[in-house]
Amino acid sequence: MPDTQLALTHPAAPAVRFEDFGLSPDILRALADQGYIHPTPIQAEAIPIVLQGCDVMGAAQTGTGKTAGFSLPIIQLLLAHASTSASPARHPVRALILTPTRELADQVADNVKAYSRHTPLRSTVVFGGVDMAPQTAALRSGVEIVIATPGRLLDHVQQKTLNLSQTQILVMDEADRMLDMGFLPDLQRIINMLPAQRQNLMFSATFSPEIKKLANSFLKNPVTIEVARSNATADNVTQVLYKVEEDAKHDAVAYIIRERGLKQVIVFSNTKIGASRLSRHLEKEGVKAAAIHGDKTQGERMAALEAFKQGTIEVLVATDVAARGLDIAELPCVINFDLPYNAEDYVHRVGRTGRAGASGDAISLFSDKDARLLTDIEKLIKHTISRLQLTGFVPQRSSDRRPRYEESSDRAASSRSSGNSSQYGRSAYAPRKEKIDPWFLKPYEPTVPAPQQDQNGASGQGGKPAKAKVAALLGGMPKR
DNA sequence: AAAAAAC
C-alpha cells in the first residue's frame, strides 16, 4: 500500500497479455470473445493498481483504452470479494461509475456488460432524458454495477430505487468535464452517500489545478497514472487551420468533405442551432449528415450516433456533447466548424481522431474574430497550428448567407428554391480577395513560459476566478 | 459568448 504518491510513468512492456494480470477466466473469455489479447499502456498500468485496491488519479486521453482499464479490475474485485450481503437475492450496488454525458454512460455500460457477460455480475445504466420506469425495474431486480449521469442517479436515490450505502468502488470518468458542467455539487451529494471506506478512481483528459484540487479532496493517497502528456494533442494527429470568411464556412465544410472524399467525419459546431443548420446545409449539398446536440431528444441523439456508426450517415455535426468519450473506431478526421470557446475543448475534439495509434486529421476553420481563441488554444497545446490555404475553394456569396436586414431585391428568393446553388448558381461566384492580417502571420509566442516551478501552490499570480469558484464549492458551497 | 445535465 503506497503511503505517498507514486508516479508510474514507464511504458508497459510490449508483449504483456491480459492473461498476465490474474484475471478470472470468465473475464479472459470475454476479452477473447472480442479478440483482445494485449492491454494498452494505460490498461497495463491501471489494472494491477486497481486490483490492489488503491485509489487512482488517471490522466488519460480518450481512445487509450481507459474504460477497460478500470472496468476489468473492478469486475475482478467484485468477483473476488463475493457479496457480503446476507440475502443472495439482494444485489447491493457495489460499484458506481459516473460520466458527464448520457452517451458516454451508455457506452461505458456496453463495455462493462461485454466484459462481465460470463460472470454472474449484473450491471445497468441510468441517465436522464428517457423513461425512468425501465431503469427502476432494472435497479429493483438487483445490480452490482451502476453506470450513471449524476442528475438521474440522484433522482433514483430520492425515489429510493437505488441505495449507495454498500458501494465499495466509485469511478469518475471525464472528471474535468463534470467539473466544467457544474456537476461538483451533485458529485459531493453522491459522495456523501457512499461508505467512507471505499476505493476511488478518477479519470480526466486534462489535468488542471481544479482537477488536482478535486482529487485531493476525496482521493486517498492516489496513485497517479499518466499516459498521454496532459493538455497535449496526440502526435499522430495532423492539425491544420484554414482561414475562411465567416459566411463561407458552410460551403467550406461541404467543399472539404467532397474534395477529400471523407466518409466518416465529425464536424463540431459551438452552438446547437449552428449544428442543425450546418447539418441541413450539408444534406442540401448531397452529403449524408445528421446533427447531435442537447436540444435533440435522447432518441434522436442515439439514432444519429447509431446511423453514424453504421455508416448510414457520413457526417455527424455535433456540439460539444460529442467532444469527449464517444467511442467511434478509427475516426480519420474531425473538422472544427467553429473554434471552441474553451481551449481544452479543442484538445477533446481533436482527441476524437487519430485514436489507438492510427493517424488522423484535425481541420479547423477560423476567421478574424477567432484570433483570441486561437491564441488560447496554441498556448494550451504549446505549439502553433499550421495556417494553410484551402486550395481550390472559391468563397461565394449567395442570398442564403446574407443577413436578413441586408436583403436586396436583386437576390430573388426564387434563386434559392432549388436548394443547391453552390455549384451551378451562375450569380453565385464572387471571389473574395483574401486579405492576410498581421496577427495571422505572427506565430504563437509563449507569453508565460509555462507555470513556473510553482512552489507548492504559492503562486504569485493572484488566484484565478475559476479556481476560486472551485475552492468555494469544495468548501461546501452549493450553487454554481 | 455556449453546451451539458433531473423532473
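- Computed from coordinates, the His156(A) NE2 to dA6(B) P distance equals 10 Å when rounded to whole Å.
- Residue Arg102(A) places at least one side-chain N or O closer than 4.0 Å to OP1 or OP2 of dA5(B).
- Rounded to a whole Å, the CG atom of Leu179(A) is 18 Å from the P atom of dA4(B).
- Closest contact between the side chain of Glu103(A) and the listed nucleotides dA5(B), dA2(B), dA6(B) involves dA5(B).
- At a threshold of 4.0 angstrom between heavy atoms, the contacts of Arg177(A) with the nucleic acid are absent.
- Of all nucleotides listed (dA6(B), dA5(B), dA2(B)), dA2(B) comes nearest to the side chain of Thr271(A).
- Asp251(A) has its side chain within reach of Glu285(A): a pair of non-hydrogen atoms, C-beta onward, lies under 4.5 Å apart.
- Side-chain atoms of Met181(A) lie closest to dA5(B) of the nucleotides dA5(B), dA2(B), dA6(B).
- Of the side-chain N and O atoms in Thr149(A), none sit less than 4.0 angstrom from OP1 or OP2 of dA4(B).
- Using a 4.0 Å heavy-atom distance criterion, Asn342(A) is classed as a base contact.
- The distance between atom CG of Leu278(A) and atom P of dA2(B), rounded to the nearest whole Å, is 18 Å.
- At a threshold of 4.5 Å between non-hydrogen side-chain atoms, the residues Leu96(A) and Ile190(A) count as touching.
- Contact annotation for Pro340(A): no contact, since no heavy-atom pair falls under 4.0 Å across all strands.
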Verdict with supporting geometry, Leu72(A) and Gln43(A), side chain to side chain contact (heavy atoms under 4.5 Å, CB included): CA-CA 9 Å; Leu72(A) 294 174; Gln43(A) 289 161 359; 5.6 Å; no
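- If you measure from atom CZ of Arg301(A) to atom C1' of dA5(B), you get 9 Å, rounded to the nearest angstrom.
- In this structure, Asp106(A) atom CG and dA5(B) atom C1' are separated by 15 Å, rounded to whole Å.
- Ile273(A) has its CD1 atom 9 Å from the P atom of dA2(B), to the nearest Å.
- When rounded to the nearest whole Å, the span between CG of Leu184(A) and P of dA5(B) equals 18 Å.
- Side-chain N/O atoms of Asp320(A) and base N/O atoms of dA2(B) include no donor-acceptor pair closer than 3.5 Å.
- Within the 3.5 Å criterion, the main-chain N or O of Ile145(A) finds no donor-acceptor partner in the side chain of Ser123(A).
- When each of dA4(B), dA2(B), dA6(B) is scored by its nearest atom to the side-chain atoms of Val321(A), the top-ranked nucleotide is dA4(B).
- Side-chain proximity of His293(A) to the nucleotides dA1(B), dA4(B), dA6(B) is greatest for dA4(B).
- The NZ atom of Lys272(A) sits 5 Å away from the P atom of dA3(B) (whole-angstrom rounding).
- Between Asp345(A) and Arg177(A) there is a salt bridge, since at least one side-chain N of the basic residue sits less than 4.0 Å from a carboxylate O of the acidic one.
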